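Worksheet: one structure, shown below.
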Amino acid sequence: MIKPSILTLAIGLALATPTLTFAAPTLSSLEARLAAMEARLQQAENRAADAETRATRAEKDVARLQAQTTRQAEAATFAARPATSGSPAASHSASGSALPGSVSGSSSAVAGSASPTDAPAAQTASTAVETKSSFADGFEFHGYARSGLIMNDSAAGTQSGPYLTPAGETGGAVGRLGNENNTYVELNFEHKQQLANGATTRFKAMLADGQKDYNDWTGSTSELNIRQAFVELGNLPDFSGPFSHSTLWAGKRFDRDNFDIHWLDSDVVFLAGTGGGIYDVQWNEGLKSSFSLYGRNFGDIEAIDNTIQNYIVTTNNFAGPFQLMLSGLRAKDNDERVNTARQNDNAGDTGLHAMLALHSDSFWGLREGQAKTAVLYGRGLGAEVKGIGSDGNLTQQAQTWRLASYGVTPLSDRWSFAPAVLAQTSSDRYAEGDHYRWATLNARLIQEINPSFALAYEGSYQYMDLDPQGYKDRQAVSGSFWKLTFAPTFKVADIGDFFTRPEIRLFATWMDWNSSLDRYASDDSFGSTGFSAGGEWNFGVQMETWF
């Protein structure tokens with residue numbers, strides 16, 4: 001048993017201990033504890049940042065692994081697909097400028113470029129070197145083609161073409177349906193990719209050929225040509241502000257913002273050449289701009305054996321449905337060019353061009369459909385308002401105004417309607433005091449008979465008043481031209497859609513014009529042997545496709 005004195009002593013010591021152990025801390029000890037706590041917090045933050053970095057890297061590794069696995073699977077499928085002559089890959093053929101309705105082709109379209117024995121080798125290489133994508137990755141094949149024959153009612157050759165009238169020399173198209181006899185092909189090869197940082201790349205090359213010979217072998221008269229070869233870089237990660245989603249480009253190309261009236265075979269505006277620029281500089285939600293520099297050539301200066309370089313600086317500005325295009329042109333020494341074929345000693349060396357266009361998602365606001373309208377003006381070298389910078393014979397004083405408008409609308413579940421108007425007036429174009437005035441009214445009706453067959457009807461009227469003032473020995477004429485076409489048409493899908501292809505057409509065309517137009521020139525269609533005013537029947541067959 002514990003004695004009371006010892007118990008009393010123990011209790012006293014216990015009561016005294018807290019006072020000794022938990023004495024009030026000093027200021028220096030508090031500062032030391034706070035510093036230690038801050039150090040531990042900083043270490044925790046560093047560990048969290050490291051963990052976040054490792055997680056981000058892991059996500060990117062997973063994404064790359066998934067993309068690589070997908071590419072390998074596609075490569076294996078591509079390599080295993082037989083390249084038979086009857087497959088779409090081997091039978092694709094290909095649009096006129098700026099055609100609507102163009103869609104991506106399957107990546108398998110390249111199968112025709114390698115033999116069946118080459119395909120397994122490509123698969124093996126892709127599997128062995130995992131850092132490289134397969135050839136088919138990001139590959140697209142697009143195309144346009146038309147071909148057919150035409151004859152008159154005597155089963156003899158005849159004159160044809162959307163620009164066969166005297167006004168055609170300055171862009172006066174009269175409609176293409178039942179009025180073409182050539183074979184024209186465009187083959188477009190593209191490679192696109194999107195990188196891990198979000199940037200995109202695109203390479204495009206276009207191979208084109210035009211031919212009027214009906215023979216199967218036409219190498220001696222071929223016009224085979226590389227019409228486009230360019231590269232685009234988009235969504236560059238270091239670009240910010242208005243340039244965040246812009247696209248840089250350089251090379252030889254048709255400008256992206258060209259557009260046309262397809263069934264007239266007439267561009268509203270066509271800018272092309274070799275150069276560079278930037279698309280889609282976004283100033284705000286409703287306003288964006290594009291800027292470009294193109295180069296073209298006019299011919300030789302005989303005295304110094306040099307080629308005239310024509311430079312075109314262009315800006316395209318879009319605000320809602322409106323497009324404002326402005327261009328300046330400069331071709332130093334073009335006024336000194338010696339070219340006997342030009343027959344113009346007064347050519348200009350500068351010019352300007354402007355276009356205001358409305359791109360409507362309705363039929364001129366009246367009903368369902370679409371419509372486009374543009375007013376164009378050019379002066380000097382810009383007076384060729386459709387093909388900007390393509391005519392080096394224009395005088396410095398040349399002026400041109402042009403109106404283009406077209407629409408497409410379904411009238412019912414079986415009828416569709418597409419009218420167009422194209423008009424132009426040009427003065428002092430090639431010689432002082434000359435004028436070229438013309439207007440074309442055109443309309444096409446399509447009647448669906450069943451899901452594979454339709455009837456197409458097209459009518460055109462053109463009036464012209466031309467006074468070349470002796471340029472190229474042309475004579476002053478005025479008068480009218482008429483054309484009517486009936487074309488039974490076969491197609492296999494979306495027959496009521498005006499812009500779906502392919503199509504195979506039979507056609508019968510009647511045309512006539514005022515006899516005064518026959519004397520315009522000795523080297524054009526009108527007035528040639530067997531092709532003069534009084535009425536002309538043409539018959540034929542044609543195919544057209546794009547994808």
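These figures come from a predicted structure and were not determined experimentally.
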Any side-chain heavy-atom pair of R176 and R146 under 4.5 Å | yes
Not counting sequence neighbours, list each pair that qualifies as a salt bridge (Lys or Arg N to Asp or Glu O under 4.0 Å) and has a residue in residues 271-293.
-> R256-D280, D280-K288
Which distance, rounded to the nearest 0.5 Å, do you find between the OG of S222 and the CG of D209?
-> 3.5 Å
Are Q469 and D467 close enough, and set up right, to give a side chain to side chain donor-acceptor pair (under 3.5 Å), and what steps lead you there?
-> CA-CA 6 Å; Q469 289 290 306; D467 184 2; 3.1 Å; yes
Under 3.5 Å side-chain donor-acceptor pair for W283 and S289 | yes
In terms of side-chain heavy atoms, does Q323 have a donor or acceptor partner in N317 at a distance below 3.5 Å?
-> no
K372 charged N/C atom sitting above F259 aromatic ring, 6.0 Å / 45° | yes
Given the options L329, L376, L381, T314, I388 meets side-chain contact (heavy atoms from CB on, under 4.5 Å) only with L329
Among side-chain atoms of T440 and Y461, is any donor-acceptor pair under 3.5 angstrom?
-> no
Please check if atom CG in L358 has more than 12 non-hydrogen atoms from other residues, nucleotides or ligands closer than 6.0 Å.
-> yes
Tell me, do I278 and F243 make a side-chain contact under 4.5 Å, heavy atoms counted?
-> yes
Kindly check if the number of other-residue, nucleotide or ligand heavy atoms within 6.0 Å of CD (E432) is above 12?
-> no
Assert yes or no for the condition that the ring centre distance of F507 to F486 is strictly below 6.0 Å.
-> no
Short side-chain donor-acceptor distance under 3.5 Å, H191 and Q193 = no
Would a 4.5 Å heavy-atom cut-off, applied to side chains only, mark E169 and R474 as touching?
-> yes
Can you tell me how far the CG atom of N316 sits from the CE atom of M325, to the nearest 0.5 Å?
-> 4.5 Å
Please tell me if the side chains of N310 and Y294 come closer than 4.5 Å, counting only heavy atoms from C-beta onward.
-> no
Mind checking whether H245 and Q282 have side chains closer than 4.5 Å, heavy atoms only?
-> no
Worked verdict on Y279 versus D255 for side chain to side chain donor-acceptor pair (under 3.5 Å) = CA-CA 10 Å; Y279 288 125; D255 192 74; 3.1 Å; yes
Taking only Lys NZ, Arg NE, NH1 and NH2, and the carboxylate oxygens of Asp or Glu, determine whether K483 and E458 approach each other closer than 4.0 Å.
-> yes
Are a donor atom and an acceptor atom from the side chains of S405 and W364 found within less than 3.5 Å of each other?
-> yes
Under 4.5 Å between any side-chain heavy atoms of L506 and T489, yes or no?
-> no
Apply ring pair (Phe, Tyr, Trp, His ring centres under 6.0 Å) to W513 and F526, showing your working.
-> CA-CA 9 Å; W513 54 94; F526 281 23; 4.2 Å; yes
Can you give each donor-acceptor pair under 3.5 Å made by side-chain atoms of residues 446-455, sequence neighbours left out, with the distance rounded to 0.1 Å?
unit_1	atom_1	unit_2	atom_2	d
Q447	OE1	Y457	OH	3.0
N450	OD1	S452	N	2.8
N450	OD1	F453	N	2.9

Is the NZ or CZ atom of R253 positioned over F230's six-membered ring, under 6.0 angstrom from the centre and within 45° of the axis?
-> yes
Check ring-ring contact (aromatic ring centres under 6.0 Å, His included) between F481 and all other residues, then give those that pass, not counting sequence neighbours.
-> none
Report yes if some heavy atom in the side chain of W482 is under 4.5 Å from a heavy atom in the side chain of N514; otherwise report no.
-> yes
Return yes if a side-chain donor-acceptor contact under 3.5 Å exists between E368 and T409, otherwise no.
-> no
Relative to the ring of W546, is the ring of F499 parallel (under 30°), tilted (30 to 60°) or perpendicular (over 60°)?
-> tilted
Determine which pairs satisfy salt bridge (Lys or Arg N to Asp or Glu O under 4.0 Å) with at least one residue from residues 398-423, sequence neighbours left out, and list them in order.
-> none
Contact list for residues 496-507, test salt bridge (Lys or Arg N to Asp or Glu O under 4.0 Å), sequence neighbours left out | K491-E503, R501-E503, R501-E544, E503-R505, R505-E544
Name all pairs fulfilling the ring pair (Phe, Tyr, Trp, His ring centres under 6.0 Å) condition that reach into residues 373-405, sequence neighbours left out, sorted by first residue then second.
-> Y377-W401
Given side chains that start at C-beta, do those of M355 and L324 come closer than 4.5 Å, heavy atoms only?
-> no
Taking D260 for its side chain and D267 for its backbone only, find out whether a donor-acceptor pair lies under 3.5 Å.
-> no
Quick one: do the T183 and Q211 side chains pair a donor with an acceptor below 3.5 Å?
-> no
Kindly compute the distance separating CG (L177) from OG (S460), expressed to the nearest 0.5 Å.
-> 9.0 Å
Is there a donor-acceptor contact under 3.5 Å from the side chain of E384 to the main chain of K386?
-> yes
Do R330 and D349 pass the salt bridge (charged side-chain N to carboxylate O under 4.0 Å, His left out) test, and can you show the C-alpha distance, the side-chain angles, and the key distance before you say yes or no?
-> CA-CA 6 Å; R330 171 65 166 156; D349 58 4; 3.4 Å; yes
